[in-house]
Amino acid sequence: MSVQLPDPVLDKAPSNEEMLQAYLDGAARLISVARKAGEDRADVIVPASPAWSVRNVVAHLTSVAHISVNRLGWGDDVQATIDREVAARADHTIEEITAEWENLLEPLAQMFAGQPSGPLVVDVVTHEHDVRAALGAEYVDHTAGLEAALSAMVAWVRYLGLVGEEGLLLKTPTSQALFGGPEVKCEVELPSDWELFRLLGVRRSEEQLMGYPATGDQALLLAVTSRYPLPEAPLAD
């Protein structure tokens, strides 16, 4: 008999207050990680975002807070705005960038008090783990921020509607998430909630996606991860 496992959104969704705290906690963790790594490792390339270094990733997240707090908007070309903001901090030290981000957290928390902040959590926790993986085993902690970030990630990917009416069921030993449907056209077994989070965050290559135990149309795995280009080579974390 098939066991109905909890859904990260329908059964485990944090409140708006808890989700905002998850963002603030993620920001604090990444600021701490970046400062611990220091200026000597600030230019380490982040494999999950190969165009960016640790400095650039932290600059990006700082710029998200800056744009939000100052209500600047993203313009007609979001990627151009992201690139411009990262470039503007390219010559700043890690201490300068993290201090800027830290100073933005209180006004950002006031702005989002009582409001949904799931996309902020997705962004910060995804990039937190990108940076941890880039810096090596000493920094890796797959549990950091995972529960709230997985709920936010599942909600966001569902909102995007990437698989249409085809049903893709992703199952771990402790959770399951259906995208599209209701009729399931592909069912995939994943080893952990961590793997579900990284898959949905487009941190798995096509080789990795096709390697999961699955029944049905595995092309739906490519659809659910189609909002960004897949990594060219497998990522370890």
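- Remark: side-chain polar atoms of Ser32 are not paired, donor with acceptor, to backbone N or O of Ala28 under 3.5 angstrom.
- Between Ala155 and Val9 the shortest heavy-atom distance is N-CG2, 3.5 Å.
- Note: His60 and Trp52 have tilted aromatic rings, judged against thresholds of 30 and 60 degrees for the angle between ring planes.
- In this structure, CG on Leu72 lies 7.5 Å from CD on Glu85, to the nearest 0.5 angstrom.
- The neighbour count for Asp91 CG, taken as heavy atoms of other residues, nucleotides or ligands under 6.0 Å away, does not exceed 12.
- A single hydrophobic cluster is seen to contain both Val154 and Tyr228, as judged by linkage of ILVMFWY side chains at heavy-atom distances under 4.5 Å, directly or through other members.
- In this structure, the side chains of Pro119 and Met19 stay at 4.5 Å or more apart for every pair of heavy atoms.
- Residues passing the salt bridge (Lys or Arg N to Asp or Glu O under 4.0 Å) test with Glu207, sequence neighbours excluded: none.
- Around CD of Glu106, the count of heavy atoms belonging to other residues, nucleotides or ligands within 6.0 Å does not exceed 12.
- In terms of hydrophobic clustering, with Ile, Leu, Val, Met, Phe, Trp and Tyr side chains grouped at heavy-atom distances under 4.5 Å, Val44 and Leu235 are assigned to different clusters.
- A salt bridge is defined here as a Lys NZ or Arg NE, NH1 or NH2 lying under 4.0 Å from an Asp or Glu carboxylate O, and Asp237 with Arg132 fails to meet this definition.
- Once rounded to the nearest 0.5 Å, the distance linking CZ of Arg203 with OG of Ser49 reads 4.5 Å.
- Here CG of Leu24 is found 9.5 Å from CG of Leu120. Values are rounded to the nearest 0.5 Å.
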Quiz prompt | Step-by-step side-chain contact (heavy atoms from CB on, under 4.5 Å) determination, Tyr23 to Asp123 | solution = CA-CA 9 Å; Tyr23 168 78; Asp123 202 21; over 6 Å; no

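- Contact of the Arg227 side chain with the Val202 side chain is registered, since non-hydrogen atoms from C-beta on lie closer than 4.5 Å.
- His66 has its side chain within reach of Arg89: a pair of non-hydrogen atoms, C-beta onward, lies under 4.5 Å apart.
- Of all non-hydrogen atoms in Leu105 and Ala27, the two that sit nearest each other are CD2-CB, 3.9 Å.
- In this structure a side-chain-to-backbone donor-acceptor pair under 3.5 Å is missing from Glu166 to Val163.
- Hydrophobic clustering, defined by side-chain heavy atoms of Ile, Leu, Val, Met, Phe, Trp and Tyr closer than 4.5 Å, leaves Ile94 isolated from every other such residue.
- Remark: side-chain polar atoms of Glu100 are not paired, donor with acceptor, to backbone N or O of Ile97 under 3.5 angstrom.
- Within the model, atoms CG of Asp43 and CZ of Arg55 stand 4.0 Å from one another, a figure rounded to the nearest 0.5 Å.
- A 6.0 Å sphere centred on CD of Glu183 holds no more than 12 heavy atoms belonging to other residues, nucleotides or ligands.
- Here the closest non-hydrogen pair linking Pro14 and Ser151 is CD-OG, 3.5 Å.
- Following chains of ILVMFWY side-chain contacts shorter than 4.5 Å, one can reach Leu146 starting from Leu199, so the two form part of one hydrophobic cluster.
- In this structure the side chain of Val188 never reaches within 4.5 angstrom of the side chain of Leu220, judged on heavy atoms.
- For the pair Leu170 and Leu221, the minimum side-chain heavy-atom distance is below 4.5 Å.
- One hydrophobic cluster holds both Phe112 and Val121 under the rule that ILVMFWY side chains link at heavy-atom gaps under 4.5 Å.
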Between Leu222 and Leu230, does the side-chain contact (heavy atoms from CB on, under 4.5 Å) criterion hold? Intermediate values first, please.
CA-CA 9 Å; Leu222 301 178; Leu230 294 174; 3.9 Å; yes

With side-chain contact (heavy atoms from CB on, under 4.5 Å) as the criterion, how do Thr126 and Met153 come out once you've worked through the C-alpha distance, each side chain's angles and the decisive distance to 0.1 Å? CA-CA 9 Å; Thr126 297; Met153 181 74 81; 3.5 Å; yes

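- The 12-atom threshold is not exceeded at CG of Asp76, counting heavy atoms of other residues, nucleotides or ligands nearer than 6.0 Å.
- Taking OG1 of Thr172 as the reference point, atom CG of Leu150 lies at 8.0 Å (rounded to 0.5 Å).
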Take Phe179 and Arg158 through the side-chain contact (heavy atoms from CB on, under 4.5 Å) test and state the conclusion after the steps.
CA-CA 6 Å; Phe179 300 87; Arg158 278 184 179 148; 3.6 Å; yes

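- Between Lys12 and Glu147, no side-chain nitrogen of the basic residue sits less than 4.0 Å from a carboxylate oxygen of the acidic one, so the salt-bridge criterion is not met.
- You'll find the side chain of Leu61 stays beyond 4.5 Å of the side chain of Glu128, heavy atoms only.
- Thr225 is listed as a side-chain neighbour of Leu209, based on a closest heavy-atom distance under 4.5 Å.
- The closest donor-acceptor contact from the side chain of Asn56 to the backbone of Ser53 lies under 3.5 Å.
- Looking at heavy atoms from C-beta onward, Val64 lies out of side-chain contact with Val124 at the 4.5 angstrom threshold.
- In terms of hydrophobic clustering, with Ile, Leu, Val, Met, Phe, Trp and Tyr side chains grouped at heavy-atom distances under 4.5 Å, Val157 and Leu5 are assigned to different clusters.
- Taking every heavy atom of both residues into account, Ser117 and Asn16 meet most closely at OG-O, 4.4 Å.
- Atom CH2 of Trp74 sits about 5.0 Å away from atom OG of Ser63, to the nearest 0.5 Å.
- Nearest heavy-atom pair across Ala133 and Val140 is CA-CG2, 4.2 Å.
- Across all non-hydrogen atoms, the minimal contact from Val184 to Leu178 is CG2-CD1, 4.0 Å.
- Ion pairing of Glu195 with Arg204 is present here, as a side-chain N (NZ or NE/NH1/NH2) and a carboxylate O approach within less than 4.0 Å.
- Note on ring orientation: taking the six-membered ring where Trp is involved, the planes of Phe197 and His129 are perpendicular (angle over 60°, cut-offs 30° and 60°).
- Counting non-hydrogen atoms of neighbouring residues, nucleotides and ligands closer than 6.0 angstrom, the CD atom of Glu17 exceeds 12 such neighbours.
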